[in-house]
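Worksheet for the structure shown next.
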Amino acid sequence: MLIQRTDKFPGWDERTMSALNSERLEACEKKLAGLPSVCIFDSDCSDDAAEKLYAFSYYFAEDQKPELHTAISLRSRVLQNFPSEIHLLSQEEHDLLIKMILVGGSFLLASQEDLIPAESLIRRMFCKLDMTSSPFRLSMPHQLCTAGLLLIAADSHKEYRSVCENILDTVDNSLYLYGIVQMDTVLKHISKAFEKTVLSGRNNLFRRIIYASYRSTFDRNGKMLLIHPGLFDPGRAIIQREKMISLTMADPDELSAAYRDLEDLEEPLYSRMLNAIQDSVRPDTSPEDTVEDLIILSKQDVPISGLREVLSARLYCHMTDEMISALRDLHDRIPRWFPLNMFRVQ
């Protein structure tokens, strides 16, 4: 998902990862609500509806020249891509697709968070979302459901999924360590991993799994960057990172070692903060999300006053001495993504 921000100085609680995720879900629901109520695989799908669905799809961004589309032509492209594309899904997309396949092609979305992978499956395969039901119902074309059942049972699917999951884990860890990663680096990593398989050269599908899995933005040279879901101000962060090091993924072994070291450092800070607020958080949030938000804000060098503002908004009582002490410890010891004083001047 491409990130574009227009508001400059919202309150700190609006800059948390929880708030950014809520904003993303709200935007996703609005986009999906504007889609036609039919799918290109429906017999009553008009060419006008097919054109609107095409404009929402990944194909629209990938195609080099404009042309008119019919439901039949789009159906053919999806069926052609599907045997490869089913292997190259984000983890959330794959989980949702498996559920649909196993129940015959139609699945009630368990939570609002399912809207994000649902949107991507609609953009890839023209799945259909019924927003009149409660909860929403996502359906995949029966032609894909039948083929999908055979494809996921194959050993090759398990092998390809293992490769994808390892790559996505590496990117996740890199983003948690550094906040930003160059998309080109990830694309090369995926391409190399599949170069001796039937998926070799499917760069359009490689890009789709990246778009479906991560938030993105552009640097000042127009290159796409992947950003951590809790990073509020990518523009300022990019400028800071460009002054330091290349925005690449680390060597996998070095990355694993660095991530383990970070876990050892952060786990006691997380546990102490969680224990301090466990029974004092308002019912519309969770203590786990609150601590995670505080940690991600600390990585962006948000001042202690900002963290106190966020924590105070989540509590139904005044902060205790232990909460203040735990918050100070977390603020002082969490490693930063960027140089100090990034958010000092507001």
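Atoms considered below: every heavy atom in the structure, side chains included; atoms not considered: hydrogens, waters and symmetry mates.
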Does Asp329 pair with Arg333 as a salt bridge, N-O distance under 4.0 Å? yes

What side-chain hydrogen bond (donor to acceptor under 3.5 Å, both in side chains) pairs are there with at least one residue in residues 273-283, not counting sequence neighbours? none

Please test Arg215 against Leu226 for side-chain contact (heavy atoms from CB on, under 4.5 Å), starting from the C-alpha separation and ending with a verdict. CA-CA 6 Å; Arg215 295 183 177 185; Leu226 308 183; over 6 Å; no

For residues Asp130 and Thr132, is any side-chain donor paired with an opposing acceptor at under 3.5 Å? yes

Minimum side-chain heavy-atom gap Pro335-Leu265 below 4.5 Å: yes

Here the salt bridge (charged side-chain N to carboxylate O under 4.0 Å, His left out) pairs for residues 153-170, sequence neighbours left out, are none

For Ile72, does the CD1 atom have more than 12 heavy-atom neighbours from other residues, nucleotides or ligands under 6.0 Å away? no

Does a donor on one side chain and an acceptor on the other come within less than 3.5 Å for Gln80 and Ser76? no

Please determine if Arg328 and Asp332 form a salt bridge, counting it only when a charged side-chain N lies under 4.0 Å from a carboxylate O. yes

Check the pair His87, Leu205 against side-chain contact (heavy atoms from CB on, under 4.5 Å), reporting the backbone distance first and the verdict last. CA-CA 10 Å; His87 307 308; Leu205 300 186; over 6 Å; no

If you measure only the distance, is there a donor-acceptor pair under 3.5 Å linking the side chains of Ser286 and Asp289? yes

Pairs meeting criterion salt bridge (charged side-chain N to carboxylate O under 4.0 Å, His left out) with involvement of residues 68-89, two or more places apart: Asp63-Arg77, Glu85-Arg124, Glu85-Arg208

Test: Lys299 cationic atom under 6.0 Å from Tyr176 six-membered ring centre, within 45° of axis: yes

Using 0.5 Å steps for rounding, measure from the CG atom of Leu199 to the CD1 atom of Ile190. 11.0 Å

